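In what follows, every chain begins at residue 1, and chains take the letters A, B, ... in the order their sequences are listed. All values reported here derive from a predicted model rather than from experimental measurement.
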There are 2 protein chains.
Amino acid sequence: MDESLLAPLPPFSLLKREQIRAILDHAVSRRADVGITVFNEGDAAERFFLLLDGTIRVAKVTPDGEQVTSLHIPAGQLFGIAPALGRDAYPASAISASEVLFLSWPVSLWHSFIADYPGFATETYKTVGERVAEMNTRIMEMSTQHVEQRIARALLRLVKQSGKRTDEGIEISFPITRQDVSEMTGTTLHTVSRLLSAWEKDGLVSSKRKKIVVCDAHRLVVLGGA
Amino acid sequence: MDESLLAPLPPFSLLKREQIRAILDHAVSRRADVGITVFNEGDAAERFFLLLDGTIRVAKVTPDGEQVTSLHIPAGQLFGIAPALGRDAYPASAISASEVLFLSWPVSLWHSFIADYPGFATETYKTVGERVAEMNTRIMEMSTQHVEQRIARALLRLVKQSGKRTDEGIEISFPITRQDVSEMTGTTLHTVSRLLSAWEKDGLVSSKRKKIVVCDAHRLVVLGGA
DNA sequence: CGGCAGTTTGATCCCGGTCAAAATATGTGG
DNA sequence: CCACATATTTTGACCGGGATCAAACTGCCG
């Protein structure tokens, strides 16, 4: 495990090489296939995590078994940072949305990280702030917008966060089903399917099984409502 | 301004009397009538606040002027804590939902508060954590539940947070209109009105103009879905 | 080639939004 | 204290977006 992996990431950007080395020496690394649950909502928050590669889906399950995806976490970000918010249980589950590679540390180290490494706290809370802002926006969207606009925005968010340029357009870099999109937007896979079909006919997107490519982001933005 | 006002509040509970005195000496206090905007979404985050009395409504406005209420803040809590999350602008507006009394400090003091007063940071981030959890729940509700359940839960949340026992039941302690409830639940005042009328007929609630009393919380919980 | 996971498409229904209007409080100035 | 203006609430009629139900279709993997 090389220090240069962590050096460019926000939480560690202000640290010296030997500090990063010390942090790495305490880390446990793990790889997981797509669809693996890293931790479950309600579990005792015993570790916190850093995603090195892949995408993590943060979801809650309703009493009657329906999934609701509240957030996607791209490579390079911390996740499962319950201890930073004074919680002793994870408020949601973390599931790999692709093959993933991540590090983790016991929460007992959290306070020493904060104390010993300047900038670590600041940078961490900045990502918390971004996620709060994103959740706030989601709440606003769900309250006021129609399904079509919500799906358009959801795709744009994914594309911005983890899109890969291809010759057709920008592709979402992890496998994603209609069902997944419906869980992000509070609809049904049927509605998502109908909409994507229509958009494909218009040349807005192009999708295969578990794959979505946004061809005309600009028109999608318009659909989502300036 | 007396130190004993702050002593029992979470962010200050671990501090010594003279520390609280020092904090108070830097504070500006202000009173405001109902409906006053304390700060606006997008404003430069120059101060952070502590609500001493009353209730604050946190809201965003959609591009086309519709309001969405994302949170209610009860007396005793910090608000406008953008600096804690590394933001330089407020992500939402704060409007008084009743007559309010609050203190505020310039953000420049934030870091010294954190550095000088043990427990202040921890307690602050704990409330952030609670709000994140609440927003998460809101997102889940909006995704999966029907209007009736959402309104039931919204009322229960308000009643839990700032309910006052009366002989009829538990009363929401600040003036609240059908419109307000609709902005919390992403519906229309018409639907809220119809529902409250029906519930009143069933003896679940009792409401006057700008006033809602929950008479049978238990049955409301059932309506909201275990 | 059979079977499963994911997708598409059609038909139908109903919750809750929208439009419209009246009824009821509250406040204000004369 | 009354008359009028304004804010809030109530109620009815109607309609449409999107959920639900149902069934067929299309890769893809063993």
**Asked** Tell me: CG of A:L195 to P of D:dA19, nearest whole Å?
**Response** 10 Å

**Prompt:** Quick check: does any side chain N or O of A:S96 sit under 3.5 Å from a backbone N or O of A:I36, one acting as donor and the other as acceptor?
**Reply:** yes

**Fill in**
Atom CD of A:Q145 and atom P of D:dG18 are separated, to the nearest Å, by 11 Å

**Request:** Using whole Å, report how far CD of A:E148 lies from P of D:dA19.
**Result:** 13 Å

**Protein-to-nucleotide contact annotation, 5' to 3' order, nucleotides 4-13 of chain C [B base; S sugar-phosphate only; - none; under 4.0 Å, heavy atom]** = -BSBBBBB--

**Item:** Whole-Å gap separating P (C:dC15) and CD (B:Q149)
**Value:** 12 Å

**Message:** Salt bridge check, B:R157 against B:E141: does any charged N sit closer than 4.0 Å to a carboxylate O?
**Reply:** yes

**Request:** Would you please name every residue forming a side chain to side chain donor-acceptor pair (under 3.5 Å) with B:R150, sequence neighbours left out?
**Result:** none

**Item:** Five-pair end axes of the helix from C:dC1-D:dG30 to C:dG30-D:dC1, angle between them (10°)
**Value:** 40°

**Prompt:** For B:D33, which residues count as a salt bridge (charged side-chain N to carboxylate O under 4.0 Å, His left out) partner, sequence neighbours excluded?
**Reply:** B:R31

**Message:** If we ignore hydrogens and angles and just use 3.5 Å, is the side chain of B:T185 paired with the main-chain N or O of B:V181 as donor and acceptor?
**Reply:** yes

**Message:** Run the side chain to side chain donor-acceptor pair (under 3.5 Å) test on A:N40 and A:T37 for me, step by step, so that the C-alpha distance in whole Å, both residues' side-chain angles and the decisive distance to 0.1 Å come before the verdict.
**Reply:** CA-CA 7 Å; A:N40 259 307; A:T37 299; 4.9 Å; no

**Request:** Check salt bridge (charged side-chain N to carboxylate O under 4.0 Å, His left out) between A:E66 and all other residues, then give those that pass, not counting sequence neighbours.
**Result:** none

**Prompt:** For A:E123, which residues count as a salt bridge (charged side-chain N to carboxylate O under 4.0 Å, His left out) partner, sequence neighbours excluded?
**Reply:** none

**Prompt:** Which nucleotide sits closest to the side chain of B:H146: C:dT18, C:dC15, D:dA19?
**Reply:** C:dC15

